[in-house]
Amino acid sequence: MLGLAEKAPVQASLTAEQEAFDPREEKKLAIALWLINSSLTNPDREEILRFAHTDSLEEASKAIYTELDKRGLRKVFEDIEMPLVPIIEKMEERGVLIDKEALATLSKTYHKALTKLEKTIFTLAGEEFNVNSPKQLGVILFDRLGLTIKNQKKTEGGAKSTRESELEKLRDVHPIISHILEYRELQKLLSTYIDTIPTLIGADKRLHTTWSQTGSTTGRMSSQNPNLQNIPNKTDLGRAIRNAFVATSGFLLAAFDYSQIELRIAAFLSGDKKLIEIFKSGRDVHSEVAARVFRVGSREVTPDMRRKAKVINFGILYGMGVNALRQNLGGTREEAQKFYKDYFAEFSGLAVYLDRVKADAARKGYTETLFGRRRYFEGINSPLPYIKAGAERMAINAPIQGTEADILKIAMKNIDDFTKERGIEGDVHPLLQVHDELVYEIREEMAVETARDIEKVMESVVPVSSTAGIILETHVSIGKSWGEMAAP
DNA sequence: CGCATACGCGCC
DNA sequence: AAACGGCGCGTTTGCG
C-alpha cells in the first residue's frame, strides 16, 4: 500500500557534535535565546540552530551569548534565570500531594448535579442535544427558543456567541439560561480538574507538573500537564478543588502572595505621585482611586464607585481603551468617556508614562522591565491601525507583567538562598508559583516562624529606593490544604 | 481514525 | 466585528 517514497520519516538526523553537546548547556542556550527573542517561547534545538544559521550547537552558543551581551541581557540571564533552573527542577521532582478521595467525593456530587441539570435543560429546550456543543446550543437558544440579545456578539467564525457574558444578558429572559450556566461551570470543573487530575497523579500520590521557565513572551513561567496555575479559586464549587491539594504528614502548606503587585509596579514605573501616595498610605487602592476620580472623601466612596475604579485600575495594566471600559462598566459611552478622561486627568503621571512606553516601543522596537528584560513587538509600527493598537496594548502590559515576573523569579531564588543559609532546605520545599503567589510545604513545627521570615524576604526583593518608597506588601496564609488557609 | 481548529473558560 | 495583557486545556467539529 505505502510506496517507499511516501511517508519517509522527516527526522532531522543528529550530528555527532549535537549528540555530544551537554543537555544542560542546551537548556541554558534555550533560555538565553528566549531572553533575546521572547516570542520564541520554549525554544527547541531547531530554533537554537536556526538563530545562528548553523547545524553546530557550539557555533550557535557563541552567537547567542554574543547577542545576549550585546542587548544587555547578561544580568537577567545570570542573576534571575540561571539560579532558577535548579529550583524549578526541585519543584518538579517534589510535586504536590493530592487527596484523591476528596476529588472522588466531589466528582460524585458534581456528576449527580450535572445529570440533573441536563435533564432540566432538555425539558426546557423541548428536545435533547449536546449541551457541550456551542453550535447545537446556539440552535436551541437562538432558533428554537428565539432568544435575542441586542448587540449580540459574534464568534470568530461568525456564529452567534454563547459565551457566558452573552448568556448573562438572557438570564432573566428564559429559565433555561441559568441552568446552562450552572451546567457549564460543573462541566468545566469536572472535565478539566476533578476527573483529570487523578489520572495524572504519580505512584507517590503527588502531582508533578512541568514548569516552563521560558513559557511566556513577558517573562512569566507557565505550567503544563496539568496546568497548576489555573486551579479554580473564584467560585465556591471551584475552590473546593483546592482542598485536595494538601501538605504531607508533618508539613503545612504556606501561600505567599504579593498584594496588588502589578498596580504597585505601574505606580513606581510611572512615578505617578498620587498613585504612589495611595500605596504608601497603606489604604485600599481601589477606594482611594475612586475617591480622587469622583472627587469625594474616602468615606463617601460607594461600592459602585469602588467597583468602577477597580475595573479601570486593572484595565490600565492591559492597555484597555474607552470601549472596553464601557463594556466592563455597563453604562453609556459618554459616561465611560468621562470616567476615562477624569481618571487620567487625576493620574496624569500614569498617562504620561503610558504614552512614553508606546513611543519608546515604536522608536526602539522593544520595551524593558525594571531589570532589563526585553520584549520586542513586530507590529508596533504597522500601518494597519488594529495591528498597531494591538502591539501598543502588549507594549503597555509587558514592562508591568514582566517586572512582576522578574520579582517573583528573584523571590524564588532569595527564598532558596535563605533556606540554605539557615540550613533548613529539607524543611522548606517550593511547590507552586502562580504569577504573584508562591506556595511552599514547610515542616509543621517551624511553619509559622519560617513563613514570617519568608514574607520579609519577599518584601525585600526590590529595595524601596527603586520602588519610590512603595513596599511590595506580601500576605501569607497557612493550612493543611490549599483550600483552607488562614493568616498565621 | 487521528489531527487541527473553533469555541469556551479556568487562573493571574 | 472587536474594541484588555499573559497562559493551558477540554470538547466538538470537520477534514484528510
Side-chain angles (χ1 to χ4, degrees), chain A residues 38-39 41-42 129-138 151-167 180-181 183-197 199-200 209-212 214-235 237-239 241-242 257-263 266 311-328 333 336 357 367 375 377 385-387 389-402 404-405 408 432-438:
Chain A
S38 64
S39 302
T41 53
N42 303 317
F129 65 101
N130 188 344
V131 187
N132 294 324
S133 163
K135 193 176 173 185
Q136 293 180 38
L137 179 62
N151 299 323
Q152 181 147 39
K153 295 287 180 295
K154 297 288 179 67
T155 67
E156 193 80 30
K160 292 174 182 171
S161 172
T162 68
R163 74 168 88 117
E164 186 181 355
S165 59
E166 291 303 289
L167 297 189
I180 287 166
L181 290 170
Y183 177 98
R184 281 248 178 97
E185 182 182 5
L186 290 177
Q187 166 68 19
K188 177 82 177 179
L189 298 177
L190 284 165
S191 66
T192 307
Y193 307 101
I194 297 169
D195 290 338
T196 300
I197 286 174
T199 71
L200 299 169
T209 190
T210 301
W211 296 98
S212 289
T214 56
S216 81
T217 51
T218 55
R220 276 187 175 182
M221 295 167 54
S222 69
S223 152
Q224 319 158 286
N225 297 306
N227 182 357
L228 292 185
Q229 292 179 314
N230 72 346
I231 302 301
N233 199 19
K234 200 177 67 194
T235 68
L237 292 176
R239 196 162 36 240
I241 295 169
R242 293 186 173 221
D257 71 283
Y258 280 114
S259 169
Q260 307 286 2
I261 185 168
E262 287 189 304
L263 217 41
V311 168
I312 198 167
N313 279 338
F314 275 108
I316 293 314
L317 308 174
Y318 306 146
M320 183 171 65
V322 179
N323 289 303
L325 181 65
R326 190 196 65 77
Q327 196 72 228
N328 269 275
R333 207 204 128 78
V357 169
T367 55
R375 180 176 177 188
F377 303 93
Y386 73 98
I387 296 287
E392 286 179 347
R393 289 194 298 272
M394 295 179 226
I396 283 172
N397 179 254
I400 300 168
Q401 191 182 120
E404 171 196 48
L408 264 288
L432 306 172
Q433 193 261 34
V434 194
H435 310 307
D436 67 351
E437 174 186 15
L438 295 170

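Note that the structure is predicted; figures quoted are calculated from it, not measured. Lettering of chains follows the sequences in order, A, B, ..., and the numbering in each one begins at 1.
Between B:dA4 and C:dC4, the two P atoms lie 31 Å apart (nearest whole Å). Between B:dC11 and C:dA3, the two C1' atoms lie 23 Å apart (nearest whole Å). Separation of the P atoms belonging to C:dA1 and B:dG8 is 15 Å when rounded to the nearest angstrom. For the P atom pair drawn from C:dG5 and B:dC3, the interatomic distance equals 32 Å after rounding to whole Å.
Contacts of A:Ser191 classified as side-chain contact (heavy atoms from CB on, under 4.5 Å), with partners at least two apart in sequence or in another chain: A:Gln187. When the side chain to side chain donor-acceptor pair (under 3.5 Å) test is applied to A:Asn313, the partners found at least two apart in sequence or on another chain are A:His286, A:Tyr343. The salt bridge (Lys or Arg N to Asp or Glu O under 4.0 Å) test applied to A:Glu437 returns no partner, not counting sequence neighbours. Scanning for side-chain contact (heavy atoms from CB on, under 4.5 Å) contacts around A:Pro134 gives A:Thr162, with sequence neighbours left out. For A:Arg239, the side-chain contact (heavy atoms from CB on, under 4.5 Å) criterion is met by A:Asn233, A:Asp236, A:Arg242, not counting sequence neighbours. Every residue meeting the side chain to side chain donor-acceptor pair (under 3.5 Å) condition with A:Ser216, not counting sequence neighbours, appears here in chain and number order: A:Thr218. With sequence neighbours excluded, the residues that form a side chain to side chain donor-acceptor pair (under 3.5 Å) with A:Ser223 are A:Thr209. Not counting sequence neighbours, the partners of A:Glu166 by the side chain to side chain donor-acceptor pair (under 3.5 Å) test are A:Lys169.
Stem analysis of DNA chain C (Watson-Crick or G-U pairs, both distances under 3.5 Å, runs of at least three) returns B:1-4 with C:13-16, B:6-12 with C:5-11.
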Could you encode protein contacts along nucleotides 7-16 of chain C as a string, one character per nucleotide from 5' to 3', using B for base contact, S for sugar-phosphate-only contact and - for no contact, with a heavy-atom cut-off of under 4.0 Å?
SBSSSSSS--

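Residue contacts for A:Arg220: at a heavy-atom cut-off of 4.0 Å it reaches a base atom on one of the strands shown. Among the atoms of the strands shown, only primed sugar atoms or phosphate atoms (P, OP1, OP2) are found under 4.0 Å from some heavy atom of A:Ile231.
In this structure, A:His435 and A:Arg163 both approach DNA chain C, and ranking their closest nucleotides by distance from the 5' end singles out A:Arg163.
The CD-P distance, from A:Glu166 to C:dA3, rounds to 12 Å in whole Å.
If you check residues 155-162 of chain A against DNA chain B, the residues with a heavy atom closer than 4.0 Å are A:Thr155, A:Glu156, A:Gly157, A:Ser161, A:Thr162, listed by number.
In this structure, A:Ser222 OG and A:Asn230 CG are separated by 11.0 Å, a value rounded to the nearest 0.5 Å. Rounded to the nearest 0.5 angstrom, A:Trp211 CH2 and A:Asn225 CG are separated by 12.5 Å.
Chain A approaches DNA chain B within less than 4.0 angstrom (heavy atoms of the protein), and the contacting nucleotides run 5' to 3' from B:dC7 to B:dC12.
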